[in-house]
Each structure stands twice: as C-alpha cells, then as structure tokens.
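Notes follow the structure.
Just follow the structure's listing: the first ligand is 1, and inside any ligand the first atom is 1.
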Amino acid sequence: MDTIRVTVWGEFRHELQDAKVAAIYPKGMHEAIADGLRADPRLSVRTATLDQPEHGLTDDVLAATDVLTWWGHVAHDEVSDGVVERVKARVLDGMGLIVLHSGHFSKIFKALMGTTCNLKWREAGERERIWIIEPGHPIAEGLGEYFELEQEEMYGERFDIPAPETLVMVSWFKGGEVFRSGCCYTRGKGRIFYFRPGHETYPTYYDPNVRRVIANAVCWAAQRETPQVKFGNYPPREPLP
Ligand code: ZN
C-alpha cells in the first residue's frame, strides 16, 4: 500500500494561552499527535491549525489528505462554515476523519452525525480504563484487553450520537461513569472514528496505547480506491423494449 497521507489539525489555542498546557505540549498538541504518527513508516504526516489561512485546510491540502485528524475545544465557532463544508465533502468522497476528545462538539462532527453530540463531563484528573470490546477490529490491533490513563477528564453517557456502526472501546471512570469511547461510522465513502481521550491538561497524547489507537484508526480510515459513483438519469445496461 502507498504511504497514507495524514493531516493533523489542531485548534492550537490552549497551548498559547495556558502555561499549564504549554508545559505539557510545548510545540502544541497537534505536534505531539503528529509525532506519534510519524513513528509509523506507513504514514506521511503534516499539520494544520486554526489560525492559518483557511485554517490550513485549503482545497489542495484536503485533496492531498487521505485521513484528517481533528482536535478542537474553545474555538469551534471560529471554524468557518465554508471550511466545514469542504471537509465534509471530502469525507463523503472518501477521506478518513479521526475526531479526538473535545472534537465531539466540532462543527464537522456534528454535521456528520446529525445529533447534538452532547455528553456529561467532569475535570477531576481521575483514572480512565478503556476496555477493548471488539478485539478483532483493525483499530484494536496490538492492544491488550484494556489500557488505563491515570489522569483524564471524565466523559459520561449519555453521549448523544447515532449508534456507532462498530463500537470498539468503552471507557470506565473512577467516579463511576461509562462512555462509548471508540466509535466507527461511515458517511458516503468516508470512514469516521471518534476517540475519546485527550484533555489538554494531561499528557494523554504521549501515551503509547493512545498513539497506537490513533495510528491504527488512521490506517483503518484511510481513503481507498473505490468505484466511481454516478447519480441521476441513467441509461440501461441492456437494450429495453
Ligand atoms: Zn477536555
């Protein structure tokens, strides 16, 4: 298989405004996510951020992207509707999309899900145990029965999403909640994976299991050669009387 071209998109605001976040992610969360992916020889990785022209997601960049990863939080509303439409069109045409953590409230995820994508949350630095409930799924490759993050933000059900086509992971939190934390979808020709962990004040994107999941998800979601789709008025394949 050819190299998979990945664009890691980051909002890149917390890191510039909050010293605690900057101490964990001095080059930005997007660069930590990208570094995890760069360790995989199957992938070629670039980054893009909100404050670049067109949020770094021009037609040319998207045309050269097989999988886009998305992390945003405080500035979802600053993402232009035009760029969201452009990304959505590319997903429907086969580009993979990996939505991370607080990206659950991004315009692009809500547009593709069609629901509020709302959830419960609590920031108490509690343990998260992520159970792999579909061990045969490509996104589970190389993982154990479960893995743990010592400190994470809690996300709890109900998570207002359409029922995933495949639910690969379920999280348990020390405070007692559970959450569907690894959700697969198809929209048009595109594959979408939502992956829960990644609050900005914890070093989650350095965790080897988290990095493994994201790399596996990128490979699973990568755009494939698929039949050309034709719509509209259509001549018969055989002569009709
Ligand atoms: Zn968070």
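Evaluation of the side-chain contact (heavy atoms from CB on, under 4.5 Å) rule for Ile133 yields Trp131, Leu167, Val170 as partners, not counting sequence neighbours.
Aromatic ring pairs are classed by plane angle as parallel below 30°, tilted from 30° to 60° and perpendicular above 60°; the pair His199 and His101 is perpendicular. Using cut-offs of 30° and 60° on the angle between ring planes, the pair Trp71 and His14 is perpendicular.
The number of protein N, O or S atoms lying under 2.8 Å from the Zn ion (ligand 1) is 3.
Cluster annotation: Trp121 and Tyr194 are assigned to the same hydrophobic cluster (Ile/Leu/Val/Met/Phe/Trp/Tyr, side-chain heavy-atom contacts under 4.5 Å, transitive).
The aromatic ring centroids of Tyr202 and Tyr25 lie 6.0 Å or more from each other.
Taking 4.0 Å as the cut-off between side-chain N and carboxylate O, Arg196 and Glu128 count as a salt-bridged pair.
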